[in-house]
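Within every chain, numbering begins at 1; the chains are lettered A, B, ... in the order of the sequence lines, protein sequences first and strands thereafter. The figures that follow rest on heavy atoms only: side chains count, while hydrogens, waters and symmetry mates do not. Because the structure is predicted, anything quoted here is derived from the model rather than measured.
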Protein chains: 4
Amino acid sequence: MGDRKKSVTKTIGILTSGGDCPGLNAAIRGVCRAAYDRYNMSIIGIANGYRGLIDGDARLLRPEDFSGILTRGGTILGTSREKPFKSRNGEYDADVGQDKVEVIKENYKKLNLDCLVVLGGNGTNTTGYLLSQEGLNVIGLPKTIDNDIVGTDMTFGFHSAVSIATEAIDRLHSTAHSHNRVMVIELMGHKAGWLSLYAGVAGGGDIILIPEIPYDIDAIGRHLLKRARDGKSFSIVVVAEGAQSVEEAKMDKKERKKYREKTAKPSIGYRVAREIEAETGMETRVTVLGYLQRGGIPSAWDRVLATTFGTAAAELLARGEYGKMVSLKGNEVGSVDLSEPAGRVKTVPEDHYMIDTARSVGTCLGNE
Amino acid sequence: MGDRKKSVTKTIGILTSGGDCPGLNAAIRGVCRAAYDRYNMSIIGIANGYRGLIDGDARLLRPEDFSGILTRGGTILGTSREKPFKSRNGEYDADVGQDKVEVIKENYKKLNLDCLVVLGGNGTNTTGYLLSQEGLNVIGLPKTIDNDIVGTDMTFGFHSAVSIATEAIDRLHSTAHSHNRVMVIELMGHKAGWLSLYAGVAGGGDIILIPEIPYDIDAIGRHLLKRARDGKSFSIVVVAEGAQSVEEAKMDKKERKKYREKTAKPSIGYRVAREIEAETGMETRVTVLGYLQRGGIPSAWDRVLATTFGTAAAELLARGEYGKMVSLKGNEVGSVDLSEPAGRVKTVPEDHYMIDTARSVGTCLGNE
Amino acid sequence: MGDRKKSVTKTIGILTSGGDCPGLNAAIRGVCRAAYDRYNMSIIGIANGYRGLIDGDARLLRPEDFSGILTRGGTILGTSREKPFKSRNGEYDADVGQDKVEVIKENYKKLNLDCLVVLGGNGTNTTGYLLSQEGLNVIGLPKTIDNDIVGTDMTFGFHSAVSIATEAIDRLHSTAHSHNRVMVIELMGHKAGWLSLYAGVAGGGDIILIPEIPYDIDAIGRHLLKRARDGKSFSIVVVAEGAQSVEEAKMDKKERKKYREKTAKPSIGYRVAREIEAETGMETRVTVLGYLQRGGIPSAWDRVLATTFGTAAAELLARGEYGKMVSLKGNEVGSVDLSEPAGRVKTVPEDHYMIDTARSVGTCLGNE
Amino acid sequence: MGDRKKSVTKTIGILTSGGDCPGLNAAIRGVCRAAYDRYNMSIIGIANGYRGLIDGDARLLRPEDFSGILTRGGTILGTSREKPFKSRNGEYDADVGQDKVEVIKENYKKLNLDCLVVLGGNGTNTTGYLLSQEGLNVIGLPKTIDNDIVGTDMTFGFHSAVSIATEAIDRLHSTAHSHNRVMVIELMGHKAGWLSLYAGVAGGGDIILIPEIPYDIDAIGRHLLKRARDGKSFSIVVVAEGAQSVEEAKMDKKERKKYREKTAKPSIGYRVAREIEAETGMETRVTVLGYLQRGGIPSAWDRVLATTFGTAAAELLARGEYGKMVSLKGNEVGSVDLSEPAGRVKTVPEDHYMIDTARSVGTCLGNE
């Protein structure tokens, strides 16, 4: 840090948007350290996601702002769920909400930004893409506990959430063990099963229900009853928040929404528990892990990944490669065009090795 | 361990009863190591609490059975909620359920027990007391995450639960922080506020609602709105499962049950959240920690306490001091008569220093 | 916080001194919240312990300074090992170092302090006592991972260190288990055995060596060889940094220093390991836990205790009860005269229940 | 599990060899569950690595043997460092130690094994390769906290060790922070820098010294002094156990051994600390993490990886693809020929992205 004799090369804006997730500050630090120290850029921190870009809520970041934040949960920049392009029917549409977009474009100019760095999930990167279509220079970083962003193998936040969820399943094991019960644990993950699949395997879940494999309550009942016959005193059922039954999967969007409102009170885990009790007569208890999955100190791996993504973003900035999202593919840290993740969701493919891993150790995935 | 040249001095039975809790195995190990190695007693492990004593489900424990279990969650003996004296109206009554009690007395004789060691909470120790009134030799150990047993300052299991709950509150802090929300977290504790009070203070809860201090939603609303005016971007509300409103506290048992069934769906935390939203208009989210509080590896302190209680029980056994529950008072490990905890619940006294600690750091306890 | 209509009642200075330890920030927050909000005091934060009081390095603390620090490790005020009264021969002496003391007295006046609150261990509270003898108003808080302060049952920092050390012993268990080894782990604790005794019992240490019970290598060898004969594949030996052999305990201070310099390279744990290998021929490995015991997030219990001590200090301030150290005795939070801890060290008494607990579960304390 | 109507298809032997590491039991469970349940194989557990294969110490594993072990540290099979092919000069050589190898071949026949599954690091898989050259069917699994096995991106055990080491660095941060010191932490990793590089980046180490980049004490001194000038109150130096100076890297093997014996007492971390103190005059303290890195509960990710590797090994067994080691490359779980890892060590390549990540956030790697 120290003295800055060299002249500033570029001015960048940085914001975090969408749900909270561990590793945001580590990524901010990665971007800023590399951009500031290595490339002598000037960095503008934008408050509360796209909301701050609309409100013009921004300030120059100094080294002391991004020092000592590697392990801190949350985001020093604040976040919001503001989606400037989102129309009222909930679809992304470049033709609506132009007022906000125009304001963003004006503020981008006023702040003299050479590029805007956005850290967030699918919504955030989709907005980033749409802004780049509007002529702004944008670089995205994939952040989410759901791991559901197209274009990267891994998002930061995911590993921390897997760790937390696994630890929760571990705790349930001992208490389930003493009481001859079915324990349902509902995890987050949005419309993808990544979190439940990984934490379910890591925690030794007996049944794992993910959105990608609609469940058949008969199959679940059979598996639980077989376990009871085999002398197992308890079972752990991991349920992704997006889990759906075979029947549900056939419904159209409207029907399905109605069906869920009716059956999944207060949340899907409770519905599965009720279905299990009806099917098997076994005492079934529910734990909804909820916000605990989003908070706290990032895991070592998430700090590594977030730092790496942050510094990779700085490289893109230095080279002027805009319109990209940084990504990890296999062992390569690189980038993809922002159009790749935009408007899409990465779900677990049927032939993913984790599906086979789970089945190989005897885990029921709800359909057989 | 090794060779046992000395003749066996006594035969004891040991059981764990009631809800699961961290430290049970540590306490079993403490009793057994001291009774077996130091006093050359023979130890009969009884399965699944009082149920095993009714069913005659028991076996001789060998050193390898109680070796290596110090850190393990759950209980190697199994547990159940069997309460042999409990009448159908839910009151303890020495005159009912005599069939089970007679069976227990017979099995006690058949097993040639000199004493029965029972590890459990209020119900377990109350049953122990009633059995001692029936002529059996009984020693109790106070185990519960609720810390609500009369006659001891501390129960084992409590510290582990406080640690887990505090860690959960820590996680909520970062996520609440980024989103400008009220986060309600519901903790266990049965009819006592110990767990919520300790975890709430340790976690820096802004509002803590415990059964001993009925809450006034107006006071809660005022506190939350004042925090918002003072620029605090979020608030954490810790709610004990036994928390009650001022109105509720005035109801008789029947009215109250009805009122709770109607208002506290699916649990009290949700009711408080709804009341907060109605009162303040602030976005409020709920986390119910549930079974996570009962499971997992016992904390260092619980292992120390459980081991100490276990070895203290062995001393009572050696001296033939029956009809006692081991206890911690201040810095003294000793015992109280089993009549002391029987049928009672230790709630947080109004003048307990933790009440003052909480208020001194600005925490609202719901009533002012 | 908010508006401060009431006039300021008192002006206090606060400093942290001596070794780092978890809970310092929690205690600072406790003092400040209660002093500022409840009693409307003005609070001066003094940097780097007594050094800052000598250098006049001090500033007014605002609510935002002591907000959000409950869980943070370290101390926001900084610390140093400055002991203004300490003469060159290492003894406390009110007649030496008067220059520094006079400067402190001047600065105390310049800052218009009504009282000085000092957070630290034996040295810090001893200095506090000596300053109170010089006419200053002083209140002390007992902080140390060593738990060796006379006048209180418990110091904050101790529980966190016990947790960390216990977790380390847990880790050694699995690796010792697979390799048929003796694992020595050296813990801190200064001249007292509290930390090793508690962590040793919590971690299931097979041998625990504390300064209060000089060890006999023959007894240790016998215990290890008996374990091997009994088929135990490994042993864990917990060694307090102050542990000493029977021979050493008989030496005078000078002899002993020389002997340690010669034999305990690089630290006592290594010496014990070498002695064990010589005595038993068993492969023995050493882990020195070191600074890990001082750092990191305070445990739930330490946050509770530190917060309670902080608010209790504010009560003393409000009542003008100076010359005291806050303390916990049994279940009572109160205070003792600063003369009580001054110049003394609280070691583990021979008849402490933990000694008996350890022996009852078969742990060798090195002397039999 | 339950009834086994189908006839047994194959008989396999399984052993764990070399240093202990988290995830061994998870991998054993993965192999056994899939081999037993899915493919109806008979499984022989061999005790204490290759030693048990020499001694004929083996027994049939039943489902209850590999149930409930997912989270347990250590290995249920025991381990040893027996290397049957190792000649006295420490080189692998198929022409020496044939007695042991012949005994192994005989026992392999006596046990009627169709294949031997070996879980271990470089030595273990090299031995596995040599045994396969002798005509045995062997499948290897890559296990080590060092991540230094050629042919796979990742080994299980590595992530757990990174987590533990990162947590230790976190603790040092707060204590370093309060005291104006250089804190050296020495990590494991054998001759590779993976563990130090990942934990160093995750923990925000200011200097990271790995074997692949010989260090120049002048460069280290300059970096530390610059940090001090920039007002940083402390620095964290992460030192891999295999770290070497520029001078040392030029020595031949014999010279180097002598030099290390002379300078690196009791271990390399202490040497680096002494060199830093000599170079900068800054107070420097050392922590050697040691065996803590090998023990305890495997991380969620290691459980996932170990389970996946275990089930992948079962697939190879079922297909009769012998002479392979299972591996992860990018996102693909597959296998490589055992000749690939045999006798080699995977060090950190100069162009690995983590090298760049570390430098981008301002970390000094000791050479500039």
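- Contact between D/M41 and D/Y36 at its shortest, heavy atoms only, is O-CD1, 3.7 Å.
- In this structure the side chain of A/P63 never reaches within 4.5 angstrom of the side chain of A/R33, judged on heavy atoms.
- Under the 4.5 Å side-chain criterion, counting only non-hydrogen atoms from C-beta, A/C21 is not in contact with A/Q293.
- Minimum heavy-atom separation, D/T152 to D/T155: CG2-CG2, 4.0 Å.
- Looking at heavy atoms from C-beta onward, A/V201 lies out of side-chain contact with A/V361 at the 4.5 angstrom threshold.
- At a heavy-atom separation below 4.5 angstrom, chain D is approached by A/Y353, A/M354, A/D356, A/T357 within residues 347-358 of chain A.
- The contact list for residues 156-163 of chain D toward chain A, using heavy atoms and a distance under 4.5 Å, reads D/H159, D/V162, D/S163 by residue number.
- Taking 4.5 Å as the limit, some side-chain heavy atom of D/M325 sits within range of a side-chain heavy atom of D/I149.
- In this structure, the portion of A/T71 lying under 4.5 Å from any heavy atom of chain D is its side chain and not its backbone.
- Interface residue A/E315: only side-chain heavy atoms are found under 4.5 Å from chain D.
- Between chain A and the options D/L305, D/L328, D/D170, heavy-atom pairs under 4.5 Å are most frequent for D/D170.
- Most heavy-atom pairs under 4.5 Å with chain D: of the set A/G30, A/G203, A/G362, A/A165, this distinction falls to A/G203.
- Of the options D/R227, D/K226, D/K232, a salt bridge (charged side-chain N to carboxylate O under 4.0 Å, His left out) to D/D230 is made by D/K226 and by none of the others.
- Inter-residue side-chain proximity for D/L225 and D/R229 is flagged as met; some heavy-atom pair is nearer than 4.5 Å.
- Nearest heavy atom pair, residue A/D206 against residue A/F234, reads OD2-O, 4.2 Å.
- For A/K346 and A/E340, the salt-bridge test fails: no basic side-chain N is under 4.0 Å from an acidic carboxylate O.
- Of the residues considered (A/A34, A/S360, A/A300, A/G68), A/S360 shows the highest number of contacts with chain D, using heavy-atom pairs under 4.5 Å.
- In terms of heavy atoms, A/L24 sits closest to A/G74 at CB-O, 3.6 Å.
- Between D/L70 and D/T307 the shortest side-chain heavy-atom distance falls below 4.5 Å.
- With respect to chain A, the highest number of heavy-atom pairs below 4.5 Å among D/V333, D/T166, D/N331 belongs to D/N331.
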